[in-house]
Every structure is written in structure tokens, then in C-alpha cells.
There are 2 protein chains.
Amino acid sequence: MTTAQEVNEPTSSWDPYTRGCPSRDLLDQIGSKWAVLVLGELGRHGACRFTRLRQQLAGVSEKMLTQTLRTLERDGLLLRTVYPETPIRVEYELTPLGQTLRGPLKALTAWSVEHIEEVLGAREEYDERTGKR
Amino acid sequence: MTTAQEVNEPTSSWDPYTRGCPSRDLLDQIGSKWAVLVLGELGRHGACRFTRLRQQLAGVSEKMLTQTLRTLERDGLLLRTVYPETPIRVEYELTPLGQTLRGPLKALTAWSVEHIEEVLGAREEYDERTGKR
DNA sequence: GTGCGTACTTACCAAAGGAGAGCGACCAGG
DNA sequence: CCTGGTCGCTCTCCTTTGGTAAGTACGCAC
């Protein structure tokens, strides 16, 4: 068995600017559309069921929601608990590791809301400039 | 001219959790793999040429780099300047708006580097748990 | 048995992404 | 004049990913 903790390499060996570095893939994962929204919702609301998440993340397909949840669970960011009641109930919640992502992701989400109008303006200006040529 | 500041809509009308909201698309854009790395590199280094960016972002294809740069330019996050020397020189740098993203993206990148080992450990554990069933 | 609720899972197709060759402008060397 | 080199793209082809929608498994109520 080889756990990550046993590897005593200096942290500087992880660099997302390097091709094939796991930290690049992780960065890609946690920055992906549905992962950001899932983690955000679980951060705001606490434990959530599958159906609630699907409703809150308006527009997500069941396939993508399942896939996103599996990946995040595998990465240790969220915990999946099955309650074998009837009908079955499954709840998702952030792990302590997942909690540490709330801040960074909240900042990113807030940025997109705060600056969307500037960006929309920039797009219009760009399209006018380049459309005329 | 229509600057974003003139639009006095309540900010609450922009919600990335709503289907089709522009802020969701923007969030997706700025969180995408190559955009994060391009903005990060321009933030650390200042103005950069195309070829240097391609080298720094080891593994990016020229097509994706061009595409990412165009999108970011259109969104008003970076400035593209052509110097008609020979051979031609093109430099990219962050706009003031782009600068405001440095913090959030730096936090996200730092998170992925700081926690990659925990995540790798969680993956191993998950694969062991589920592989046996 | 039939139907319902919940949480997936699968099949299919369209869109996005990656690898690599080609392009056009310019100039230097022969 | 022709060849070859540099830079910043651009185009083509093929693989991978994502979206839509239908189907599955489970237990229970009727």
C-alpha cells in the first residue's frame, strides 16, 4: 500500500503548470461547472438529497449530477450516505476537506456575479469592433 | 457607450444556479483549465508573448491557446497588442478587470497544490473500497 | 399483478477538445 | 529569384466529453 502521506516529496514538486501533474487535473475538476455548483450548494445548505440538488442546480442532467457526485466523493470532498428506508434516501454533505474549498469557490462565484455586467459590456464592444472588420 | 455601472439592476438578478444565466457561463469560462493557467501566468509574469505562454502552459495545443486567449480578450480580461515588427510580436497582458481575478484564481490554484496529496489518498481509499465489491 | 417514488444507469448523438499539418507575412542567405 | 526559418495563428481530422431521454432496481401500497 502506498498512501499519499507516506510520500515525503517537497510540496514544490506539484505544479499545475506541468503537463500531466495531478494537481492540474484536480484544478480542472474543482473548477468545472457542475462541481463548483454542487460544492456551493452543499456549502450553503448542508446535507442535501439527490433530487434537491437536481432542482437547485437548474439544468443539470441526472447523468452529469451522478457523475459529478461520484468524482467528488472519490476525491474525498463529499460524503455520500445511504439511508435504506423506503423509498430509499441518499444524502450528500461536505467533508472537512470539502469545507476548505468553500472559501475559494465562494470567491470565484461571487466574482462572476459581481463582474458579469462588465464582461457583457466588454463582449458587446469586442463584437462591434471585430464585426465591422 | 453603456458601462456596466450605469445598469442599476439589483445584483440578485444574476444567479449562477439559474439555468441559462450568463453568470453561470462566465463562471464556467473563468474556471476552465486553460483560462485559469493563462490568467495565472499573466498575473505572475506580466505581459507575455504567444510562444512563451505555450511553453509555460506545458501541454496546451496551439488551437486551445488561441481560443482561450480570444475568449478572455472578448470578455475584457486581457489585452492583446500586436507589434508589427519582423518577425511579428504579439503580447498579452491582464486588464484591470483581469487583475481582479488574480486573487480568487490564485486561491484556487493554491488549494489544488496544497490538498492534492489528501485527494490522491482519498482516491486510493475509494478505489480499494469500491473495487472489492 | 400494476403503479409509484427514488436514485441511478444506459444508449445515442451532438459539441468540445487534442494532435498535427498548413498558411501567410516577413526577411536572410546563397 | 529561390530556399528556408520564425511567429502567430488556422484548418482538418479524430477522440473524448456532455446533453437528452428512456430504462432499471428496489421496496411498498393498492
Side-chain angles (χ1 to χ4, degrees), chain A residues 16-21 24-38 41-42 47-74 78-93 126 130 133, chain B residues 16 18-21 24-38 41-42 47-75 78-93 126 130 133:
Chain A
Y17 287 87
T18 303
R19 184 176 198 162
C21 178
R24 175 184 285 186
D25 299 331
L26 179 57
L27 184 55
D28 196 24
Q29 263 303 328
I30 60 178
S32 75
K33 181 166 60 173
W34 300 123
V36 170
L37 296 178
V38 165
E41 178 60 20
L42 291 179
C48 268
R49 303 181 57 175
F50 186 86
T51 306
R52 184 189 150 89
L53 282 171
R54 191 182 47 182
Q55 287 162 357
Q56 293 302 113
L57 279 58
V60 69
S61 69
E62 298 191 338
K63 175 183 145 188
M64 283 314 296
L65 183 53
T66 306
Q67 205 172 98
T68 304
L69 290 168
R70 282 292 118 70
T71 307
L72 294 175
E73 185 196 1
R74 187 169 104 101
L78 57 80
L79 187 68
R80 177 174 182 270
T81 314
V82 181
Y83 298 90
E85 309 168 348
T86 183
I88 194 174
R89 184 161 59 97
V90 180
E91 285 201 341
Y92 298 91
E93 60 190 315
Y126 180 92
T130 57
R133 272 185 263 151
Chain B
T18 303
R19 183 176 200 161
C21 178
R24 174 185 285 187
D25 299 330
L26 179 58
L27 184 55
D28 196 23
Q29 262 304 324
I30 61 178
S32 74
K33 181 167 60 174
W34 300 123
V36 170
L37 296 178
V38 165
E41 177 60 21
L42 291 179
C48 269
R49 301 181 58 175
F50 185 88
T51 306
R52 183 189 151 87
L53 282 171
R54 193 183 42 182
Q55 287 161 357
Q56 294 300 116
L57 278 59
V60 69
S61 70
E62 299 192 336
K63 176 183 145 188
M64 284 314 297
L65 182 53
T66 306
Q67 205 173 98
T68 305
L69 290 168
R70 281 294 118 71
T71 307
L72 293 175
E73 186 196 359
R74 188 169 103 101
D75 285 357
L78 59 79
L79 187 66
R80 179 176 181 269
T81 314
V82 180
Y83 299 90
E85 307 166 349
T86 182
I88 194 174
R89 183 162 60 96
V90 180
E91 286 201 342
Y92 298 90
E93 59 190 317
Y126 179 94
T130 58
R133 275 186 261 152

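The figures that follow rest on heavy atoms only: side chains count, while hydrogens, waters and symmetry mates do not. The chains referred to below are lettered A, B, ... by the order of the sequence lines, with proteins before strands, and numbering in each begins at 1.
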Discussion item. With a cut-off of less than 4.0 Å, is there a side-chain N or O of B:Trp34 near OP1 or OP2 of C:dG18?
Written reply: yes
Worksheet item: Between C:dG18 atom P and B:Leu57 atom CG, what is the distance in whole Å?
Response: 12 Å
Worksheet item: So what does A:Gln67 hit on the nucleic acid, given a heavy-atom distance under 4.0 Å: a base, only sugar-phosphate, or nothing?
Response: sugar-phosphate
Worksheet item: To the nearest Å, how far apart are B:Leu37 CG and C:dG18 C1'?
Response: 16 Å
Worksheet item: Between B:Val36 and A:Asp28, is any pair of side-chain heavy atoms under 4.5 Å apart?
Response: no
Worksheet item: Between A:Tyr92 and A:Leu53, which heavy-atom pair has the shortest distance, and what is it?
Response: CD1-CD1, 4.2 Å
Worksheet item: Between atom CG in A:Asp28 and atom P in D:dT16, what is the gap in whole Å?
Response: 16 Å
Worksheet, complete the sentence: In this structure, OH of A:Tyr17 is separated from CG of A:Leu27 (nearest 0.5 Å) by 8.5 Å
Worksheet entry | Protein-nucleotide distance (B:Glu85, atom CD; C:dC26, atom P), rounded to Å | 14 Å
Item to complete: Would you mind reading off the distance between A:Gln29 atom CD and D:dT17 atom C1', rounded to a whole angstrom?
Response: 12 Å
Worksheet, complete the sentence: The residue among A:Arg70, A:Glu93, A:Glu91 that forms side chain to side chain contact (heavy atoms under 4.5 Å, CB included) with A:Arg80 is A:Arg70
Worksheet entry | Atom-pair distance (CD on B:Glu73; P on D:dG8), nearest Å | 15 Å
Fill in: Atom-pair distance (CZ on A:Arg24; C1' on C:dG18), nearest Å
13 Å
Worksheet item: How long is the line joining CE of A:Met64 and P of D:dA21, in whole Å?
Response: 16 Å
Response to the item:
In terms of heavy-atom contacts, A:Ile88 and A:Arg49 come closest through O-NH2, 3.6 Å
Worksheet item: CG/B:Leu42 to CG/B:Leu79 distance, rounded to the nearest 0.5 angstrom?
Response: 10.5 Å
Worksheet item: Counting just side-chain N and O atoms, does A:Lys33 come under 4.0 Å of either OP1 or OP2 of D:dG19?
Response: yes
Response to the item:
Scoring nucleotides 5-13 of chain C by protein non-hydrogen atoms under 4.0 Å (B base, S sugar-phosphate only, - none) yields -SSBBBB--
Worksheet item: At what distance, to the nearest 0.5 angstrom, does CG of B:Asp75 lie from OH of A:Tyr126?
Response: 10.0 Å
